[in-house]
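Heads up: the structure comes next, in structure tokens.
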Amino acid sequence: METLFTAAKILLEKKIHRLPVIDPRSGNTLYILTHKRILNHIFPYLIESKLDQFFHIPIQTMGVGTYEDVKQLKYDSKLLQAMEFFAKTKISAIPIVDDDLKVVDIYARFDVITLASRGKYNDMDMTIRDC
């Protein structure tokens with residue numbers, strides 16, 4: 001039986017977002033483990049153990065996230081531009097900004113899958129707004 005630590009390590013090392021948990025006896029999928037489920041589970045333990053101070057350190061200080069050369073698009077940007085960002089980089093989502101460069105939305109890789117499921121993936125000149 002694998003541990004929560006092992007599952008989290010697999011999610012990070014394999015750069016995946018969902019990990020099926022399989023019943024070793026039947027081979028059936030028991031559930032799908034995600035980063036969010038792990039965080040929801042461990043957060044109360046962190047509070048109890050006084051490790052919650054860790055969560056008060058500014059994100060940028062910890063080096064989490066992207067702070068330079070952040071890709072962004074506007075609603076009038078073409079779908080093709082978003083697809084190129086996703087194909088050429090490791091990003092999973094792109095902020096959508098208004099004319100004042102304020103974030104108004106997020107366009108994610110998952111949105112491309114939704115678009116494809118609706119059969120609208122063949123028009124690369126479509127704008128992000130139309131997606």
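When a residue number appears, it is its place in the shown sequence, counting from 1.
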Among all residues two or more places apart in sequence or in another chain, which pass the side chain to side chain donor-acceptor pair (under 3.5 Å) test with T127?
D130

Listed by chain and number, what are the side chain to side chain donor-acceptor pair (under 3.5 Å) partners of T114, not counting sequence neighbours?
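Listed in chain order: nothing, the list is empty.
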
So [Y] and [X], do their side chains get closer than 4.5 Å, heavy atoms only?
{"X": "Y75", "Y": "V97", "answer": "no"}
{"X": "D125", "Y": "L79", "answer": "no"}
{"X": "C131", "Y": "D111", "answer": "no"}
{"X": "L73", "Y": "Y107", "answer": "no"}
{"X": "L11", "Y": "I38", "answer": "yes"}
{"X": "I42", "Y": "L4", "answer": "yes"}

Shortest non-hydrogen contact from H35 to I16?
CE1-O, 3.1 Å

Linking I/L/V/M/F/W/Y whenever their side-chain heavy atoms sit closer than 4.5 Å, directly or via other members, would [X] and [Y] fall into one cluster?
{"X": "I94", "Y": "V104", "value": "yes"}
{"X": "F85", "Y": "L101", "value": "no"}
{"X": "L19", "Y": "L30", "value": "yes"}

Among residues two or more places apart or on two chains, list those pairs meeting side-chain hydrogen bond (donor to acceptor under 3.5 Å, both in side chains) that have a residue in residues 9-27.
S26-N28

List the residues meeting side-chain contact (heavy atoms from CB on, under 4.5 Å) with [X], not counting sequence neighbours, and say none if there are none.
{"X": "A93", "value": "I106, A108"}
{"X": "E84", "value": "L80"}
{"X": "P20", "value": "I22, T29, I32"}

Run the salt bridge (Lys or Arg N to Asp or Glu O under 4.0 Å) test against R129 and tell me which residues pass, sequence neighbours left out.
D76

Around atom CG of L12, are there more than 12 heavy atoms from other residues, nucleotides or ligands closer than 6.0 Å?
yes

Using 0.5 Å steps for rounding, measure from the OG atom of S77 to the CD1 atom of I96.
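So the gap between those two atoms works out to 6.5 Å.
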
For residues 95-109, which residue pairs qualify under salt bridge (Lys or Arg N to Asp or Glu O under 4.0 Å), counting only residues two or more places apart or in two chains?
K74-D99

With sequence neighbours left out, which residue pairs that include part of residues 53-69 fulfil the salt bridge (Lys or Arg N to Asp or Glu O under 4.0 Å) condition?
D69-K71

Could you give me the CA-CA distance, side-chain angles and deciding distance for R37 and T34, then say whether side-chain contact (heavy atoms from CB on, under 4.5 Å) is met?
CA-CA 5 Å; R37 286 187 178 187; T34 63; 3.5 Å; yes

Exam field: side chain T61 to backbone I57, donor-acceptor pair closer than 3.5 Å
no

Determine, stepwise, if the pair I128 / Q81 fulfils side-chain contact (heavy atoms from CB on, under 4.5 Å).
CA-CA 9 Å; I128 297 297; Q81 193 174 359; over 6 Å; no

Which residues satisfy the ring pair (Phe, Tyr, Trp, His ring centres under 6.0 Å) test with Y45, sequence neighbours excluded?
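So Y45 forms a ring pair (Phe, Tyr, Trp, His ring centres under 6.0 Å) with H41.
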
